[in-house]
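First the structure, in the form of structure tokens, and then the observations on it.
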Amino acid sequence: MTDEVEQARIWFRENWNPELTLGEWWSRLARSGYGFPSWPREWFGRGVSKDEGRAIHAARKEAGAFRAPHGIATQMVALSLMEIGTTHQRDRYIPKIVTGEEIWCQLFSEPGAGSDLASVRTRAELRDGRWIVNGQKVWTSGASYADKGILLARTDVSVPKHKGMSFFILDMKQPGVEVRPLRQMNGMAEFFEVFFTDAEIPAEDMIGSPGDGWSVAMRMLGHERQSLDADADSTGGLMAELPLSTRVGDLVIDGGEAENVDPAGVSVGAKARAEIIELIQWAGCGDDPVVRQKAAELFMLIDIARFAGRDIDPSLSKLAATRIMEKYRSVSLSILGADAMLIGPDTPFGGRFQEMALTMTGLTIAGGTDQIQRNIVGERLLGLPAEPRVDKDIPFRDLLASGGGRAQ
């Protein structure tokens, strides 16, 4: 154990207090640098290695302390601003990200630009020193309560589609931003449509250069995919980015109660393993060789991902995580048997496994579909020929838009 890890263990023991509000704790944690220990010291970290960072997180869990804010802002925005943001952007946004004072959402996908993200048609035009945005985004998590959004918008239609986009920080609370919920098959509305009508962005809130939006977006998606690996801490994603008045054990989102979360956090793989064991014990099928074989296959995937995922490519990490969740779904529903067809509070485990099964499909899409991840692995890691692209060198305004007409 290094001195840094031992100091962290002492600090958590002396400073964690479950009576603090979440905002008070996050502010204290930010000042210590132990919330994001692998980040640079000048940006609320300790500058330690990834292995030391994991050991510090383990020390936090031992103390029972709640983790730092976790979501779009910490997984994608802060890391990218450290790398390519301006001094103004870093000073303005990173402090409120690490203290959880501002919640962020991701404004990438559109009805006609999902897997083919470069086909975005939301426009941003520079007028009198400000960018004016018009268009639509879809599948935006947390849009109803987000303060800021990271926006990919088209700023030039005279060049090919990958070159004519720019990347922005957008104020979600301004006039001209309309948010509508999308109801999912699990009964929830975690995603939203967002409509822009002359929404404004100050010129200083462009990240990167005009036309450089594609590379900025790919950088951020790489950070996001890395955060989705099977050994990553999981306390509900954006569920951890809550109002500062919220107290641990009384989590509230957008006016509705959210499921309480273990404040210490647990990895996706460890949680899946524990829940399958609990389910087997409930069903009394621990001696069934078929069940044992299926559970063993799941546990092997978890361990393989845990040992291989530490320095693995983000796309492979994301694929490993979704494969584990797919196997987890298969094993749990097969154990439940006919009960798997029911859902609700009066079903076994309150319908937790059934709800997971309905939610799981979305994980194969979030952060870039599994099919896109396989293309990335094939092209960038294995050196396989790229997918044919007939529109690669055509100006965006000359492309046929869905439904006919030009992509103006």
Side-chain angles (χ1 to χ4, degrees), residues 76 80 83-84 106-124 134-141 150-168 191 193 207-229 308-309 312-323 325-326 360-408:
M76 302 173 67
S80 298
E83 296 167 347
I84 60 174
Q106 176 183 320
L107 301 163
F108 283 15
S109 296
E110 299 182 8
S115 295
D116 184 15
L117 184 59
S119 293
V120 298
R121 300 177 69 188
T122 293
R123 295 289 300 274
N134 287 278
Q136 177 188 0
K137 296 292 180 176
V138 74
W139 307 123
T140 301
S141 304
I150 46 175
L151 171 71
L152 184 64
R154 189 157 304 280
T155 51
D156 188 351
V157 297
S158 68
V159 296
K161 61 182 184 180
H162 288 84
K163 299 180 180 179
M165 295 173 289
S166 300
F167 204 93
F168 302 92
F191 304 103
E193 294 179 289
I207 301 178
S209 304
D212 196 33
W214 182 254
S215 63
V216 177
M218 292 304 100
R219 178 187 296 271
M220 289 206 177
L221 287 174
H223 288 309
E224 181 187 33
R225 288 162 188 156
Q226 191 70 60
S227 73
L228 294 174
D229 70 48
I312 203 169
D313 177 84
S315 292
L316 288 173
S317 294
K318 200 265 184 176
L319 286 169
T322 55
R323 187 180 179 193
M325 293 305 295
E326 287 171 337
M360 168 56 217
T361 301
L363 299 180
T364 68
I365 300 172
T369 67
D370 283 5
Q371 290 79 8
I372 292 295
Q373 305 310 320
R374 293 187 179 97
N375 280 352
I376 292 173
V377 171
E379 295 174 16
R380 301 181 186 177
L381 296 184
L382 302 180
L384 299 177
E387 290 285 326
R389 296 175 181 170
V390 298
D391 58 358
K392 185 176 181 180
D393 299 316
I394 300 175
F396 185 76
R397 65 187 173 198
D398 294 333
L399 297 178
L400 285 175
S402 59
R406 301 289 177 179
Q408 299 296 329

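Just so it is clear, the values below take in all heavy atoms, side chains as well, and ignore hydrogens, waters and symmetry mates.
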With [X] via side-chain contact (heavy atoms from CB on, under 4.5 Å) - residues at least two apart:
{"X": "A217", "result": "F108, L152, F167"}
{"X": "I394", "result": "D398, L399"}
{"X": "R219", "result": "S80, E83, I84, H223"}
{"X": "S215", "result": "D212"}

Might you point out which heavy atoms bring [X] and [Y] nearest each other, and give the distance in Å?
{"X": "L117", "Y": "M165", "value": "O-SD, 4.3 Å"}
{"X": "A153", "Y": "A124", "value": "CB-CB, 4.0 Å"}
{"X": "I376", "Y": "S315", "value": "CG2-OG, 3.5 Å"}

To the nearest 0.5 Å, atom CG of L316 lies from atom CZ of R374 at 10.5 Å
Once you round to the nearest 0.5 Å, how far does CG of L319 lie from OG1 of T369?
-> 9.5 Å
Quick one: salt bridge (charged side-chain N to carboxylate O under 4.0 Å, His left out) partners of D370, sequence neighbours excluded?
->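 So D370 forms a salt bridge (charged side-chain N to carboxylate O under 4.0 Å, His left out) with K318.
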Taking only residues two or more places apart in sequence, or in another chain, which ones meet E193 in a salt bridge (charged side-chain N to carboxylate O under 4.0 Å, His left out)?
-> none
Pairs involving residues 382-396, ordered by first then second residue, that meet side chain to side chain donor-acceptor pair (under 3.5 Å) (sequence neighbours left out) =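 Residue pairs with at least one partner in residues 382-396: K161-D391.
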Exam field: side chain R154 to backbone A118, donor-acceptor pair closer than 3.5 Å |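 A pair under 3.5 Å: yes.
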Do the side chain of R123 and the main chain of N134 share a donor and acceptor less than 3.5 angstrom apart?
->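 No, the answer is negative, given that no donor and acceptor are paired below the 3.5 Å cut-off.
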Taking side chain to side chain donor-acceptor pair (under 3.5 Å) as the test, write out the residues that go with [X], two or more places apart.
{"X": "T122", "value": "E110"}
{"X": "T140", "value": "none"}
{"X": "T155", "value": "S166"}

So do T364 and E326 actually touch side chain to side chain, heavy atoms under 4.5 Å?
->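 A side-chain contact exists here, since the closest heavy-atom pair is under 4.5 Å.
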Which is it for F396 and R121 under the side chain to side chain contact (heavy atoms under 4.5 Å, CB included) test, yes or no, and what are the steps along the way?
-> CA-CA 9 Å; F396 185 76; R121 300 177 69 188; 3.9 Å; yes
Ring pair (Phe, Tyr, Trp, His ring centres under 6.0 Å) with W214: which residues, sequence neighbours excluded?
-> H162
